[in-house]
Amino acid sequence: MSDTSVVSNTLDIEAIRSQFPILHQKVNGKQLVYLDNAATNQKPQSVINALEHHYAADNSNIHRGIHTLAERSTTAFEDTRKAVQAFINSNEVEEIIFTKGTTESINLVASSWGRKYLNEGDEIIVSGLEHHSNIVPWQLIAEEKGARVRAIPVLDNGDLDIAEFSNMLSNKTKLVAVNHASNSLGTINPVHEIIKMSHEAGAKVLIDGAQASSHLTIDVQALDADFYALSAHKMYGPTGVGILYGKRSLLEKMPPYQGGGEMIKDVSFDKTTFNDIPYKFEAGTPNIADVVAFKAAIDFINDLGKENIAAYEEELLSYATAQLNEIEGVRIIGQAQNKVSVISFVVDGIHHFDLGMWMDAKGVAVRTGHHCTQPLMDRFSIEGTTRASFSVYNTIAEIDIFVEALKDIIKKLKP
């Protein structure tokens, strides 16, 4: 089965692939098969063009200039903020803060909200599925404030134990931080239910949307999320750019995260007053060009349609899962019913690093290791996994190449 048209009746996959110049190359003498999309996905020509155009035609610092280039740069920068607002359906554009990515967004909340509102004896609940970026910032602020971090257990199939989560909630719980979808296992968490339960207990909720952003429809108002973080590079955009969404009522009460230019209203040696949101949290010259190019990535997703992307990736995931389940010695880690297009697996008798290097020799790019989720690896008593993750530009033919490569490597390396 190798005809890409067999998979999708809605999307023209070959036309989509033609927009990604990086895919049309050979690695180690083999046609590149890029299956490392959970780490970062590739960029369409429209994003590359937007980045080049900014530096070639509009480059200027923003917000503080009245000349033509400054005004064009400022308009393009703020147009991206408007695009993000629509993409996640926030109530107003001022609730969108630009950051370096999901990691900085979470650190911003931990450092600003956490430093103001957490007290000794308070509890922060994270899940056992979390990326280190949604664990370590809470540990740091908890240690500083005398609070405690607790983890929601993970069931054998990779789902969260929601019944145990309900038992963990109490009047000590001040914040719940969970991912919308797991970067390691692909599990889609019931975040609407988690948010509702948390609010009933009086806790605020932060959702790490890094893995969800290119796969799932995001509506922060329908979710009633207090904070939502995502990264551009997980959704066909540039690296080094992300956003933090926060409810206005929370952001306005939070102290600045960093000091410097843009985040001020007035400065004297006696006293400084701070700017309105979102600028209060955007100190210094931002990553202007990449923010501008981020809009092209959002446009790319919107043009294809999130529902169409999700449906196609689900077919890729189902096909790959069925193929891997037929290979003796391969064990998929995390088989939740609801997943984004991520498969983590181990092979009996073969270290994941060895498998990754042999895959690369065959032109297949997969990710190996603990995927910045060491507690989750400990939960399954493994050191790490090999992870194949699929995007809208991948094909059934590429999965066939990946599966045949895996079978050949197992034959060569199996003790």
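Values below: all heavy atoms of this structure, side chains included; hydrogens, waters and symmetry mates excluded.
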### Task
Would you confirm whether Glu314, through its side chain, and Ala310, through its main-chain N or O, come within 3.5 Å as a donor-acceptor pair?
no

### Query
Just checking, is any N or O donor in the side chain of Glu130 or Ser127 under 3.5 Å from an acceptor N or O on the other one?
yes

### Query
For atom CD of Glu328, is the number of surrounding heavy atoms from other residues, nucleotides or ligands below 6.0 Å larger than 12?
no

### Query
Counting N and O atoms only, with roles assigned by atom type, does the side chain of His132 sit under 3.5 Å from a partner on the main chain of Cys372, one being a donor and the other an acceptor?
yes

### Task
Would you check if there is a donor-acceptor pair between the side chains of Glu14 and Ser18 at a distance under 3.5 Å?
no

### Query
Judged by atom type as modelled, is there a donor-acceptor pair below 3.5 Å linking the side chain of Asp122 to the main-chain atoms of Leu118?
no

### Message
Closer than 4.0 angstrom, basic N to acidic O: yes or no for Lys412 and Asp408?
### Response
yes

### Query
Which atom pair, heavy atoms only, marks the closest approach of Ala142 to Val149?
CB-CG2, 3.8 Å

### Query
Will you find, in the side chains of Asn134 and Trp138, an N or O donor that is under 3.5 Å from an N or O acceptor?
yes

### Summary
Nearest heavy-atom contact between Val47 and Ala293 is O-CB, 3.8 Å

### Message
Testing the 3.5 Å rule here: is there a donor-acceptor pair between the side chains of Ser184 and Ser344?
### Response
no

### Query
Is there a donor-acceptor pair closer than 3.5 Å between any side-chain N or O of Glu164 and the backbone N or O of Asp161?
no

### Query
Is there a donor in the side chain of Thr99 and an acceptor in the side chain of Ser105, or the other way round, less than 3.5 Å apart?
yes

### Task
Look at the aromatic rings of Tyr236 and Tyr393 and report parallel, tilted or perpendicular, splitting at 30° and 60°.
perpendicular

### Query
Under the 3.5 angstrom rule, does the side chain of His24 hit a backbone N or O of Arg17 as a donor-acceptor pair?
yes

### Message
Salt bridge check, Arg148 against Glu123: does any charged N sit closer than 4.0 Å to a carboxylate O?
### Response
yes

### Query
In terms of heavy-atom contacts, does CD of Glu120 have more than 12 from other residues, nucleotides or ligands at under 6.0 Å?
no

### Message
Restricting to non-hydrogen atoms, name the atom on Arg367 and the atom on Asp36 that form the minimum distance, rounded to 0.1 Å.
### Response
NH2-OD2, 2.6 Å

#### Entry: Lys30, NZ atom: more than 12 neighbouring heavy atoms under 6.0 Å
no

### Query
Under 6.0 Å from the NZ atom of Lys295, do we count more than 12 heavy atoms belonging to anything else shown?
no

### Minimum heavy-atom distance Met377-Gly369, with the two atoms named
SD-O, 4.4 Å

### Task
Just do the side chain to side chain donor-acceptor pair (under 3.5 Å) check on Asn41 and Ser391 with the steps written out, would you?
CA-CA 7 Å; Asn41 50 30; Ser391 187; 4.5 Å; no

#### Entry: N-O pairing of Lys82 and Glu78 below 4.0 Å
no

### Within the 6.0 Å centroid threshold, strictly below: His63 and Phe77
yes

### Task
State, without any angle test, whether His54 and Asp290 hold a side-chain donor-acceptor pair at a distance under 3.5 Å.
no

#### Entry: Donor-acceptor pair between Asn89 and Asp219 side chains, under 3.5 angstrom
yes

## Note on the structure
In short, Leu169 meets Met197 closest at the heavy-atom pair CD1-O, 3.7 Å

### Query
Do NZ/NE/NH1/NH2 and the carboxylate oxygens of Arg379 and Asp156 come within less than 4.0 Å?
yes

### Query
Sub-3.5 Å donor-acceptor pair from the side chain of Ser111 to the main-chain atoms of Leu108, do we have one?
no

### Query
Without hydrogens or angle criteria, can the side chains of Glu383 and His370 be said to hold a donor-acceptor pair below 3.5 Å?
no

### Task
Could you verify whether a donor N or O on one side chain and an acceptor N or O on the other, from Tyr319 and Asp400, lie under 3.5 Å apart?
yes

### Query
Cut-off 3.5 Å, side chains only: do Asp159 and Asn189 have a donor facing an acceptor?
no

### Main-chain N/O of Phe390 paired with Ser341 side-chain donor or acceptor, under 3.5 Å
yes

